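Encoded as structure tokens, the structure appears first; notes follow it.
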Amino acid sequence: MPDALERSRRIVFTGAAGGIGTMVRPLLAAAYPGLVLSDRVKPGNLRPDETFVSADLTRPDEVAKAVEGAHSVLHFGGHSTEGPWDAVLQANIVGCYNLFEAARQAGVKRIVFASSNHAVGFYPRRKKIGTDVTVRPDSRYGVSKAFGEALGALYSDKHGIAVTCLRIGNVGPRPLDVRRLSIWISPEDLVQLIRIGLDHPQVRFEILYGASDNAATWWDNSRAHKLGYRPTGKAEAFRAHAEAEQAKIGPDPVGDLFQGGTFCSAEFTNDVKRAGP
Ligand code: 15L
């Protein structure tokens, strides 16, 4: 069991071996040395100050071990895209519950939850939305992220854990296509949001959009700005690249109308007008 001093700064990062984990860990390291990394597989490039605890989110005993003695948890683990129901159920619903419950039992004070734009993906692109809108998931994956946000609200209200849900757009060095010009976030800006979740004294329960300073945004992220978020990434700087990539993809008559893109058009059997773009 970690001693009192270690506990005061022990941060556990689930999903540490995943794409986002790999991008943000080096940027977090300066401010938060000694991260405890957790995943099913050990990340390949462990820093000398990092430790690794193997955990499968579907195993409550393993999750409890991973969060033991933690002050804060960055919950980025789980299934990171659309998938068969059982995969999403196990990793993102059972797994997310196991994480929040283990954190409560371990006395964790703060959780930053990697939610997704796909919790609200069926909003039309022409509409600008805030963080207070009804969820409109575009996939089983999106439903699981809305579940995680609801679980975060419960553990905040009932147990006093300071929970920050980041509805992440798309993280990377630059936007991949035209849709991502609206939702892209640089790794550096994502780290700013994580730091708000870890440190801001006003956080009780927050939903913030994980997006850089994108001129084509669909999201009102004023709450994040009130909490001190000052994004520096600008998707427009990469417009030529995004448009060139988009030209290779071609049109998607359903996905192009909605914020969630291909997550909306996949398995779509509705009438587009009825879905309300
Ligand atoms: C997500 O939530 C996924 O994790 C990521 O793989 C991308 O698909 C991203 O959304 C996106 O919408 O671009």
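Since we're looking at a predicted model, the values are computed, not measured. Index from 1, following the sequence. Values reported hereafter were calculated over all heavy atoms of this structure, with side chains retained and with hydrogens, waters and symmetry mates removed. Whatever order the structure lists them in is the order used to number ligands and atoms, beginning at 1.
Residue Ile183 places a heavy atom under 4.0 Å from ligand 1. In this structure, Gly169 counts as a contact residue of ligand 1, since one of its heavy atoms falls inside 4.0 Å of the ligand.
Numbered from 1 in the order shown, with element, the atoms of ligand 1 that lie under 4.0 Å from a heavy atom of Ser116 read 1 (C), 2 (O). Less than 4.0 angstrom separates some heavy atom of Phe263 from each of these atoms of ligand 1: 8 (O). Those atoms of ligand 1 that come under 4.0 Å of a heavy atom in His118, given as number and element, are 1 (C), 2 (O), 9 (C), 10 (O), 11 (C), 12 (O).
Proximity of Lys145 to ligand 1, defined as any heavy-atom pair under 4.0 Å, is not found for any part of the residue. At a 4.0 Å heavy-atom cut-off, ligand 1 touches Asn117 through the side chain alone.
For the side-chain hydrogen bond (donor to acceptor under 3.5 Å, both in side chains) with Tyr32, the qualifying choice from Arg25, Arg9, Arg195 is Arg195, the only one to do so. Put simply, the residue from Tyr123, Phe263, Phe258 that forms a ring-ring contact (aromatic ring centres under 6.0 Å, His included) with His118 is Phe263.
Scanning both residues, Gly69 and Arg10, for their nearest heavy atoms gives O-CD, 3.2 Å.
Ring geometry, Phe268 versus Phe122: the interplanar angle falls from 30° to 60°, so the pair is classed tilted.
Applying the salt bridge (charged side-chain N to carboxylate O under 4.0 Å, His left out) criterion to Asp189, with sequence neighbours excluded, gives no partner residue.
Considering backbone and side-chain N/O of Ser80, one or more are found under 3.5 Å from N/O of ligand 1.
Of the protein's non-hydrogen atoms, Asn170 ND2, 3.5 Å is the one closest to atom 7 (C) of ligand 1. Atom 13 (O) of ligand 1 has Arg180 NE, 2.8 Å as its closest protein atom, hydrogens excluded (heavy atom only).
Separating the CZ atom in Arg110 from the CG atom in Asp199 is a distance of 6.5 Å, to the nearest 0.5 Å. Note that the CG atom of Asp39 and the CZ atom of Phe76 stand 13.0 Å from one another [nearest 0.5 Å].
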